[in-house]
Each structure stands twice: as structure tokens, then as C-alpha cells.
Novice: 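Sharing a structure with you now.
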Protein chains: 2
Amino acid sequence: MAKQTPTLEHVAKLAGVSQMTASRALNGRPGVSRETRDEVLRIASDIGYVVNRTAQKLSGGRNGIIGIITPTLDTQFSSELILGAGRAARGAGCEMLVYTVFDEDRHTHHDLLGLIQQFSDGILAILPRESLCLEALATAKVPVVVVDQRGTLTGFPSVSVDNYGGACLAVEHLAQLGHKRIAFLAGDETIEGVRDRQRGYRDTLARLGLPREDSLVAAGDLSQMMAFDVTFDLLDLAEPPTAIFTANDQSAFGVIAAIREAGLRVPDDISVIGFDDIPMSEQFHPALTTIRQPFQQMARSAVNTLLAQIAGIGAASQRITLPAELVVRDSTGPVRTKQRRRARHQIVST
Amino acid sequence: MAKQTPTLEHVAKLAGVSQMTASRALNGRPGVSRETRDEVLRIASDIGYVVNRTAQKLSGGRNGIIGIITPTLDTQFSSELILGAGRAARGAGCEMLVYTVFDEDRHTHHDLLGLIQQFSDGILAILPRESLCLEALATAKVPVVVVDQRGTLTGFPSVSVDNYGGACLAVEHLAQLGHKRIAFLAGDETIEGVRDRQRGYRDTLARLGLPREDSLVAAGDLSQMMAFDVTFDLLDLAEPPTAIFTANDQSAFGVIAAIREAGLRVPDDISVIGFDDIPMSEQFHPALTTIRQPFQQMARSAVNTLLAQIAGIGAASQRITLPAELVVRDSTGPVRTKQRRRARHQIVST
DNA sequence: GTGAAAGCGCTAACAT
DNA sequence: ATGTTAGCGCTTTCAC
């Protein structure tokens, strides 16, 4: 039947050296002559040897695997990050294993952490919200790097985008187009980054001397559906906004759908700007003006930070914040001066 | 500092039994008295013991982990499947690790396979296209179950949706609405399931005696952008279709955007039906009529099949095909009898 | 029902 | 530059 999976022992025997020498050769460690090394490598390749990373890890060494913890795979957001991390890991000669965290059960988190650190040299946690997971992570025995959450309260090195600054960019863009009544569609309050965006919105409004009414802030949950629903509240205002800034792109899609549903047009009647720049946003119709998160760069940066931690170099509490970027597309435009918005409702109120 | 991670040895010592007894108790194996078992369990829980699955696997046993191989995370399609698989695995007391395959390099696949099978008891391969990966998988030493590809050529047990039947449903739905000129936006030809959908389209057209012109079949690649572009070819036809069936939902979004761009409306001027029913489809505007793949059920079914294989029960070449379901929403409607489509072009041709 | 011994594949630590 | 020994944490086998 299928031959036994080749082990280090086989390689060593065939090469006529000790396992240790073979190991050193395969791992590119010093202490092996060039000839020996080449020979070992050749043989390993010949017989299709693949190191058993399970054994590697068990024997106390590194195994070149980084583990990713993510709450869910179903947002383009995390997909983008994971994709980027995978690429970066490969680039650094590492493999990557993804572990999805489902529920908020403390016990589960403890187990999962145990599991993932048995398998990997370090953990990349894509944890936008302050999850219980963080508590579990605190007891980790391998390095941890948190993505998308400033490590302020976690104490872990972190990589995130400048959510605050990005929000400022968004509002400034709208203001430049002449918009005065700018609404914000808030997202999940438990997400640090989202709160930062809201702060950016509020502060910029203040700085620019624009109206800051509570009614101009709608409560969403980052989902398209919810965004769709609450948009009507904004539209129904006595003095509706001429522009809406949403906490994420997904919400923006819902907002645009709702605006259309109300018989208005984007950006002619109302401008919409999102946050994230997920792939869908460019393809959406109208193409979405948004604030771009540099996913690739964030991922690469996170992987590098983690690798540094694993190697024992790198500050323990490094916080990296990457700049966000305004991407102007078709969903924002100059404010309409003529006030002939929402004919339907004007009839009602007449 | 942080206490040593508790091991089986610690548990055994504290319980005053041998490691073997502790192991049996923890794994629910027979040969342990109820009292002993309870005591061991209690202690393990107390000291926060988590089994080292790495050691477990190395020592030749199972470790209760199933590995998922997927080409990419960036489609809602695979996300849905993985999500479902995760749930199913948890339900069965297993953990799940995801491994993303990037490139089509044979060597990589060999390594990755070696890696993933070191970590898991079995592999779930989400492999819509005939990837080189399959070749590597053929030498796997753990059970493999393929999702979304009938195992005809792989020899692995498989779980997939009835793509052919689903396509028939789609065309029949359109035909019932009075559509005669029904176009198909094809997808990636290397994907078996997509080819099946096209067959279903063709055969149903034939069966219903509807026109089957080559020009009514546009070549896409499952992406929204590509769909957007090629839709104009369809629209520019001397006698354009009144309905378009797309190989997947993502494409349908592009088609709808293009139709709008051309100044036409969905479904008033042209009906559009997709395939997949990803979450976005319900939220899209207009809500997309589509053929639903039962992702949850597929995932559950696949996990169960894999578990059966791992347990040594279950036919080696089991092929499960789940029925697809028509979901009627707002993107399809009765055919327009008046021929006043595409005013723009009619002017040109006049 | 329980335990002791051996070993999975690898690498650190200490030889030589 | 290379080899030897020990052991990672667990489960198998075989004993009692």
C-alpha cells in the first residue's frame, strides 16, 4: 500500500548522517557543511519528505506556523485581512492556520487558545470588538498581535488603521462639496474602531462649525439591512441631511438602497460615503466613495510584528496605526442648492 | 511567572491515578469506574487542563480536529460553507482548522497536504474546480471529503448541490413568466458545478422549445465586474434577451448594474436570476431571485460524511447531492409584451 | 478496572 | 562539523 510517510529518520539514513545533522540541514541551521546540506536536501526532496510540524512543535521548537483567530469569516473585512496575512506569512516562509471563534463562551475561549498555541508559534487576533477572547489571550504562552484594535487595554502589540483620521477625511470631503447637514450612520458600539470613526465625525463637524444634531446620528449595526431600515428615519427628518457618512461600506449599500427606494438619487440628491473600501465597493453602482483601509499593508505589518515577537525582537507594546485614505468615486457629489428633495413627503407635509 | 501549562501528568498525579487512567477518563473510553472518571474530570477542569492535540496526534491517535482546505476565503460562497462546517464540527465535538491554498504550485500542495494531515483526523476540501490540489489529496493518509464537486473523477466521497437541477428550476421559472429569449451568463469553465448549470440551462431550453442561440450565452468568470462588462454584449443584440440567468449571484449583481447603466429596469425590462443565494442577494436592490444552495446542510452533510469516514464506517465513494431551491424575489417578473426596450439603441438602428 | 513500558517525530543540550 | 541522549505529552500495547 501507500508507503510510510517519510520521516527525518529515513532522510538521515539515506544520507548516511545522524538525524540531528539532517535536521540542521533541513532547517538551514549552521553547523553543517555545504556538501552534507545539499545532499540531505536532495534526498529529502527525492523521497518527498515533509517535516512533521506536530512533532516539531511538541519537541519544544518552532514550527513556522502562525495561527489566526477571527470571530467570523463572513465579512469581506476579515477575509481581506486573512488573505493579506496569508500572503505575508508565505512570503516569510511561514504557514498559516485559521481558527474561527464562534460564541462568547469563556470556557470555549480557554480551550481554543490552548489549542491554537499548541499548533503555532504565534497568534494573530483579528478582534475588532472587545471580546472575552482577549481575556483568554492574556494567558497565552506564545506571542500575540492584535489587528484592528489599538492595544490600549489589551497590552498586546497592535496594528490598526487610523479610524479617527479616516472619519475626519470623510467629513472634510463632504464639507468641501458644500454639504452642511451631514448625518452619520453609526455601527456596533462595542467595536473600538467604529467608536473612533464616530468621534472623528463629531469632532470634525465641530471644527468646521457644522450642525451637530443628535437626530443626524442614526444607530446601525454595520449590516446592510439595518442600514436600509434606519435610513428612512434620516430621510424623514424635517430637515434631512444632504450627505450620509456610514460606519462601514456594507452599511452604505443599505443606505443607498433606501435612498433609491425613497425615490431619490445618489449622489444627485444625497451623497453617501462609506468606510473600509471592500472589493464590492468599487463594483457597486454607483461606485462607492469611501475611506480605504489598507488591508494588505495592515496584514503584512501585523505578520511582521508577530514574527518579530516570535524572534524575540520588537517592542512588547508596539502600536502601529496605518493611515486611512479617501477614495473618491461616484456616490458623493456637490450639494444641491435647490431644495426639492423628497417630493413624496413634501406633499404629505403640505 | 505563568504556571506551566497543565499536562496529563499533572491531572493524573492530582487524581492519584496513572496517566493511562486519566487519559481514558478524559476521552470517555471504557475501562474506568464512574467515580474515578468523575474525579479526573473534576480535577482536569479545576486546573484548566486542555489536552495537547499535537501530542495526541503524534502518538498515533485521533485529535478531534478536522481540517478544511479552501482555495480562498474571499467569496461569500466559501465563507458560508466554512461557517456551516464549523458549526457542524462543534456540534460533533470537533474543532476545525482552516487552511487556505493560494497558488497552483504542485510542490506547495504536497507540503500543505502533509501539514494539514499531521494536524487533523480528516480533511474537508472545498474545491469547486479541478485543482492540482486533488492530485495531492489522492495520497492523503487521512480521510478526505470533497465539497462542491461530485467525486466522479476524484474517487472521494463528495457533497454537492444539484447544480443541474437548480439550473432547470431557474429556466423553468423564467419560462413560466413568459420569457422566451433567455440568456445565460456562464462562469468559469473549470468549475464542474458551473458547467452543470450551463447544461441545465441548455437542456431545459431544448425541452421547452425555447431559442438556443450561441449569442445568448455570454462568457463570464463569476465576478461582478466581468458580468457588468459582458452584459452589454447581450443588450446590444439585435434581439436582446428578456431574461438573464447567471452562473452565480455575484455575476447577477454585475448584470443588474449594467442593465441599469443602459437605462433599463429590473425586472420591468429584463428579469435576472442568479445562483447561490448568498446573504447579499436578499439585501440587494432589487432583492435577487435566485437558486439557493443549502450551504448549512451541505456543510453539515460533509462533516458527517467525513466523521463517518474517520470512524471507519460509511461507504468510500458516497456521493451526496442536495436539492437546490428556487427563491423568488424581486429581480424577475413577467415578460413585457410591448417591445420598447433600449430606446437609445432603437434610435441608432432607425 | 487499572498500570507500566514503549514510542510517535522531532529538536534542545551536551557531547565529540 | 557531526553524533548521542533525553524528552516534549500523549496513546498504544500488554500486563495485572
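Every chain is numbered from 1 and lettered A, B, ... according to where its sequence line falls, protein lines coming before strand lines.
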Novice: Report the distance from atom CD of A:Q117 to atom P of D:dG9, rounded to the nearest whole Å.
Specialist: 12 Å
Novice: Return no unless some side-chain N or O of A:S33 is found under 4.0 Å from OP1 or OP2 of D:dT2.
Specialist: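 Yes, A:S33 has a side-chain N/O under 4.0 Å of OP1/OP2 on D:dT2.
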Novice: Side-chain contact, heavy-atom cut-off 4.5 Å: A:V32 with A:T21?
Specialist: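 Side-chain contact under 4.5 Å: yes.
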Novice: Taking the inter-plane angle between the rings of B:F77 and B:F295 on a 0 to 90° scale, is it parallel (under 30°), tilted (30 to 60°) or perpendicular (over 60°)?
Specialist: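 Judged by the thresholds at 30° and 60°, the geometry between B:F77 and B:F295 is perpendicular.
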Novice: Tell me which nucleotide among D:dT2, D:dT11, D:dG9 gets nearest to the side chain of B:Q56.
Specialist: D:dT11
Novice: Would you call B:R34 and B:D38 a salt bridge, using N to O less than 4.0 angstrom?
Specialist: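 B:D38 and B:R34: salt-bridged.
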Novice: What is the separation between atom CG on B:L8 and atom P on D:dG9, rounded to the nearest whole Å?
Specialist: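 In whole Å, D:dG9 P lies 10 Å from B:L8 CG.
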Novice: Contact class for A:R29 (heavy atom, under 4.0 Å): base, sugar-phosphate, or nothing?
Specialist: sugar-phosphate
Novice: Please state how far atom CG in B:L26 lies from atom P in D:dG9, giving the value in whole angstrom units.
Specialist: 15 Å
Novice: Just the rounded figure in Å: distance from P of C:dC8 to CD of B:Q19.
Specialist: 17 Å
Novice: With sugar-phosphate meaning primed atoms plus P, OP1 and OP2, does B:T36 contact a base, only sugar-phosphate, or nothing at under 4.0 Å between heavy atoms?
Specialist: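 The residue B:T36 makes sugar-phosphate contact but no base contact.
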Novice: A:V98 versus A:T70: any side-chain heavy-atom pair under 4.5 Å?
Specialist: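 When only atoms from C-beta onward are counted, A:T70 and A:V98 do touch, with a gap below 4.5 Å.
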Novice: Would you say A:N52 places a side-chain N or O within less than 4.0 Å of OP1 or OP2 belonging to C:dC8?
Specialist: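 For A:N52, the contact criterion (side-chain N or O under 4.0 Å from OP1 or OP2 of C:dC8) is not met.
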Novice: A:M20 has a side chain; which of D:dC10, D:dG3, D:dT2 sits nearest to it?
Specialist: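 Out of D:dC10, D:dG3, D:dT2, the nucleotide with an atom closest to A:M20's side chain is D:dG3.
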Novice: Roughly, in whole Å, what's the span from CZ in B:R53 to P in D:dT11?
Specialist: 10 Å
Novice: What's the NZ-P distance between A:K141 and D:dG9, to the nearest Å?
Specialist: 12 Å
Novice: Check the pair B:L222 / B:V194 against side-chain contact (heavy atoms from CB on, under 4.5 Å), numbers first and verdict last.
Specialist: CA-CA 9 Å; B:L222 302 182; B:V194 168; 4.2 Å; yes
Novice: In whole Å, I'd like the distance from the CZ atom of A:R62 to the C1' atom of D:dC8.
Specialist: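 About 16 Å, once rounded to whole Å.
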Novice: Please state whether the phosphate of C:dG7, meaning OP1 or OP2, lies under 4.0 angstrom from any side-chain nitrogen or oxygen of B:S59.
Specialist: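 Checking B:S59 against C:dG7: no side-chain N or O falls below 4.0 Å of OP1 or OP2.
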Novice: Could you please name the option among C:dT2, C:dC10, D:dG3 that lies closest to any side-chain atom of B:V32?
Specialist: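 That would be C:dT2.
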Novice: When all nucleic acid strands are considered with a 4.0 Å heavy-atom cut-off, which category describes A:G31: base, sugar-phosphate, or nothing?
Specialist: base
Novice: Starting from P on D:dC10, measure out to CG on B:D121 and report it in whole angstrom.
Specialist: 16 Å
Novice: Could you check whether B:R24 gets within reach of a base, just the sugar-phosphate, or nothing at all, counting any heavy atom under 4.0 Å?
Specialist: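 Counting heavy atoms under 4.0 Å across all strands, the contact made by B:R24 includes a base.
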Novice: Which of the following nucleotides, C:dC10, D:dG3, D:dT11, is nearest to the side chain of B:S23?
Specialist: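 Looking only at heavy atoms from C-beta outward on B:S23, the closest nucleotide is D:dT11.
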Novice: Take B:A55 and B:S18, find for each the nucleotide of DNA chain C with the closest heavy atom, and name the residue whose nucleotide sits nearer the 5' end.
Specialist: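 Between the two, 5'-proximity favours B:S18.
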